[in-house]
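Single-structure report; data block below.
Atoms within a ligand are numbered from 1 in the order they appear, just like the ligands themselves.
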Amino acid sequence: MAVSKCTRLNGPLIKQMLDSVDSVLFDCDGVIWRGDQAIPGAPDVINLLKKNGKKVFFVTNNSTKTRKMYADKLALMGFNAAEDEVFGTAYCSAMYLKHVSRLQGKVYLIGSNAMRQELEKVGIQQTGVGPDPISGVQIDWANVPLDPEVKAVVVGFDEHFSYMKLNRALQYLNNPDCLLVGTNTDTRLPLEGGKAVPGTGCILKAVETAAQRQAQTVGKPNHFMYDCVASQFGLDRTRCLMVGDRLDTDILLGSNCGLKTLLTLTGVSTVADAEAHQESGCPKRLGMVPDYYVESIAELLPALQG
Ligand code: PLP
Ligand code: CA
């Protein structure tokens, strides 16, 4: 339906676009909430979409929460959301290791307790979560004790990341049969007031650099996140919309999977960023040009209330 890309979505076009889809995938941070604050109007948009018979899913690269934790957060903010509609990278990494890698063995986890819980839920044991027990002690770095059952190194957001963890990851990955899986590659987590903190991509890059290996990543823009949703809910990609605030993760995921794409300006990327990709004419960058954009998803409200 998008005649030209990067179209401002307004007026009758909103209803027309919504009528052309059955399912909507929402990125979370910068789209439906910012940190701990819901984007004004977002809960009504999601609840009305569902009332209008649309399937709604929450797709986030943030690996610090389980599906249950996200469902609780969504409920607190007034979103009508079920646990099985949430696809975070903690859960999707567990799915990937279980169903794609068919991992037989343990994980060395650079990540959160939430990741540990999602791994354990599918029967995968881990070692490594929390501060490294021998951090700071002077030892023979190249001969740290390793768990012989570890068959994969998995990297997500880890507030306890340290030189010792990086070293341990390298020692495991010296075995070419040991897998390297990362949750996502977001390098910066933007905060209010133009501030930012390092994202998981920085930790993953450190591990990749040390191990001289490239990780398989699970999160957006890898199509695996969409595959997870599609395989569980039988989506028709031609009638599916991806809504996001980042061109290089959300919009590219949508393009990679053949979905309609909508950029919202309540987060990271701007229309100028999208136009720069479009004007570059570079095929690789064209996947980062959304079909449509809105200032906020609250702009969908009038079409849903009518
Ligand atoms: N990773 C972490 C650790 C985060 O805190 C966030 C945002 O809060 C993200 C990734 C990006 O999340 P999303 O994909 O919902 O924008
Ligand atoms: Ca986002």
Ionic contact status for K220 with D250, cut-off 4.0 Å
yes
Under 3.5 Å, N or O to N or O, is D250 touching ligand 1 that way?
no
Taking the six-membered ring for Trp, are the ring centroids of F57 and F26 within less than 6.0 Å of each other?
no
Under 3.5 Å: N/O of N61 near N/O of ligand 1:
yes
For E299 and N10: C-alpha separation, side-chain torsions, deciding distance, then whether side chain to side chain contact (heavy atoms under 4.5 Å, CB included) applies.
CA-CA 8 Å; E299 290 180 6; N10 57 19; 5.8 Å; no
Given the Ca ion (ligand 2) as the apex, I'd like the angle to O of D29 and OD1 of D245, rounded to 10 degrees.
90°
Tell me: protein heavy atom nearest atom 13 (P) of ligand 1, and distance?
D27 OD1, 3.1 Å
Identify the closest protein heavy atom to atom 11 (C) of ligand 1: which residue and atom is it, and at what distance?
D186 OD2, 4.0 Å
R8 atom CZ, neighbour heavy-atom count above 12 within 6.0 Å:
yes
Which residue and atom name correspond to the protein heavy atom nearest atom 12 (O) of ligand 1, and how close is it?
T60 OG1, 3.5 Å
For ligand 1, which is the ligand I care about here, please tell me if K220 has any N or O atom under 3.5 Å from one of the ligand's N or O atoms.
yes
For the Ca ion (ligand 2), which N, O or S atom of D27 is at the shortest distance?
OD2
Distance to the ring centre below 6.0 angstrom and angle to the axis at most 45 degrees; does that hold for R237 and Y226?
no
Can you classify the ring geometry of W33 versus Y70 as parallel (below 30°), tilted (30 to 60°) or perpendicular (above 60°)?
parallel
Would N62 count as a polar contact of ligand 1, with the cut-off being nitrogen or oxygen pairs under 3.5 Å?
yes
